[in-house]
Amino acid sequence: AFASMNLPPDTTVDLTATAVVASIEKQLPVPDLASAAAVLPLSVSAGAPLVAVFTERNDGDALATAPWRDRVEFLESASSTSALFTLGVVDVAVDLAIDATAERTVTGVAPFRAGALFPRLVLDVNGDLAETSSAIDGEANNSIVGVAIEVLAANLVAGKATVPSSVNTTQSATILFDTRNAGPGDSIGGAFVDRVFLSLDAIVDSSDVTLGSVERTNAIMLNGATLEGSVTFTLPAVTPDGTYNVLLQVDATSIRFEE
């Protein structure tokens with residue numbers, strides 16, 4: 001564009017006194033990974049298999065070039081910055097075109113911690129993709145916190161027991177008993193042991209006599225489930241006469257996670 005004006009006769013104009021500077025910014029196209037929060041069940045037993053699914057999309061104006069890694073982790077609160085546990089990761093090996101979407105699945109195990117936890121989905125955790133330009137900050141939407149999930153714990157307790165009213169020394173006797181999961185969650189883990197003691201009080205200690213034990217090999221003991229058990233024993237002849245308590249110690253070595 002040209003500007004013109006009428007100057008009086010004999011006017012001098014210094015053409016070097018003024019300079020016009022034009023700045024042109026070049027914007028490079030970049031990918032922009034985005035997703036809604038990962039979808040998980042609202043509750044799960046501690047230690048149970050857990051699956052999170054989400055739909056990843058490329059909202060940018062360039063191809064998202066693989067590889068990159070996405071992660072699902074758990075927070076103590078929705079505003080927490082550091083994660084307590086990692087559920088799992090998905091390693092993306094296929095490019096994601098502009099405006100394209102891809103279904104992702106992360107599989108893992110619910111943590112052994114009872115209570116509410118918040119799942120956080122983190123896209124491109126290692127920063128393999130350059131998602132920021134002068135026009136957009138593609139990194140700002142790479143962390144998405146979802147709805148809280150309730151992790152449920154088991155509670156293994158001694159159920160009913162059938163105990164003989166009297167026992168003669170040197171003669172065998174049998175005690176029947178039940179072990180029950182009274183917690184809201186399933187009990188998941190390795191084999192555990194229930195032990196039966198003869199005691200002068202109501203507290204298990206080193207002075208008590210072990211009458212027997214039952215190994216529980218069930219990998220999963222469902223909420224509300226009951227396991228039957230029995231021990232057969234013979235009291236030594238040196239056992240003093242008297243009144244004793246029969247004590248049942250469930251999961252005596254604390255193998256299983258409980259409330």
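The first residue of the sequence shown is numbered 1, and numbering continues consecutively from there.
- Put simply, the side chain of E215 never gets that close to the backbone of A191: no donor and acceptor are under 3.5 Å apart.
- From D208, atom CG reaches atom CD of Q249 across 9.5 Å, with rounding to the nearest 0.5 Å.
- Judged purely by atom type and a 3.5 angstrom limit, D70 uses its side chain to pair as donor or acceptor with the backbone of D124.
- With hydrogens and angles disregarded, no donor-acceptor distance shorter than 3.5 Å links the side chain of R69 to the backbone of V89.
- A donor-acceptor pair under 3.5 Å is absent between the side-chain atoms of N245 and the main chain of L247, judged by distance alone.
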Check step by step if side-chain contact (heavy atoms from CB on, under 4.5 Å) holds for N126 and R71. CA-CA 10 Å; N126 297 321; R71 181 174 65 217; 5.9 Å; no
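- In this structure, the side chain of D194 engages the main chain of D251 through a donor-acceptor pair within 3.5 Å.
- For the atom pair CZ of F112 and OG of S45, the computed distance is 10.0 Å after rounding to the nearest 0.5 Å.
- Of all non-hydrogen atoms in A153 and F257, the two that sit nearest each other are CB-CE2, 3.6 Å.
- In terms of heavy atoms, P119 sits closest to A148 at CD-CA, 4.4 Å.
- Looking at heavy atoms from C-beta onward, V196 lies in side-chain contact with V246 at the 4.5 angstrom threshold.
- Linking ILVMFWY residues whenever their side-chain heavy atoms come closer than 4.5 Å, directly or via other members, leaves V122 and F85 in distinct clusters.
- Residues G183 and E259 approach most closely at CA-OE1, 4.3 Å, considering heavy atoms.
- Scanning both residues, T210 and F197, for their nearest heavy atoms gives OG1-CE2, 3.3 Å.
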Mind running side-chain contact (heavy atoms from CB on, under 4.5 Å) on L33 and W68 for me, showing each step along the way? CA-CA 11 Å; L33 298 180; W68 70 86; 3.5 Å; yes
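- Linking ILVMFWY residues whenever their side-chain heavy atoms come closer than 4.5 Å, directly or via other members, leaves I149 and L75 in distinct clusters.
- In this structure, N181 contributes its side chain and G224 its backbone to no donor-acceptor pair below 3.5 Å.
- Side-chain atoms of S199 come within 3.5 Å of backbone atoms of D201 as a donor-acceptor pair (strictly under, hydrogens ignored).
- Contact record, L87 with V109: CD1-N, 3.7 Å, taken as the closest heavy-atom pair.
- Contact annotation: the side chain of S35 approaches that of L121 to within less than 4.5 Å [non-hydrogen atoms, C-beta and beyond].
- Counting heavy atoms from C-beta on, the side chains of V209 and F233 never come closer than 4.5 Å.
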Run the numbers on V90 and E56 for side-chain contact (heavy atoms from CB on, under 4.5 Å), then give the verdict. CA-CA 11 Å; V90 54; E56 190 168 31; over 6 Å; no
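- Rounding to the nearest 0.5 Å gives a distance of 13.0 Å between CG of L40 and CZ of F118.
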Assess whether side-chain contact (heavy atoms from CB on, under 4.5 Å) is satisfied between V51 and T105, documenting all intermediate values. CA-CA 7 Å; V51 176; T105 301; 3.6 Å; yes
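- No side-chain donor-acceptor contact under 3.5 Å links R180 to the backbone of L156.
- Contact detail for L176 and S230: the closest heavy-atom pair is CD2-CB, 3.4 Å.
- The OG1 atom of T170 sits 9.0 Å away from atom CG of L235, with the distance rounded to the nearest 0.5 Å.
- Hydrophobic clustering places I255 together with V214 (ILVMFWY residues linked when any side-chain heavy atoms are closer than 4.5 Å, directly or through intermediates).
- V39 and V147 fall into different hydrophobic clusters, where Ile, Leu, Val, Met, Phe, Trp and Tyr residues are linked whenever their side-chain heavy atoms come under 4.5 Å apart, directly or through other members.
- Note that CG of N218 is 9.0 Å distant from OG of S187, once rounded to the nearest 0.5 Å.
- The backbone N or O of T81 lies less than 3.5 Å from a partner atom in the side chain of R120, making a donor-acceptor pair.
- Taking CZ from R256 and CD1 from I188, the interatomic distance works out to 8.5 Å, rounded to the nearest 0.5 Å.
- Following chains of ILVMFWY side-chain contacts shorter than 4.5 Å, one cannot reach L123 starting from L63, and the two form parts of different hydrophobic clusters.
- Taking a 6.0 Å sphere around CZ of R104, one finds it holds more than 12 heavy atoms contributed by other residues, nucleotides or ligands.
- No side-chain N or O of S172 forms a donor-acceptor pair with one of T234 less than 3.5 Å apart.
- In this structure a side-chain-to-backbone donor-acceptor pair under 3.5 Å is missing from D32 to N58.
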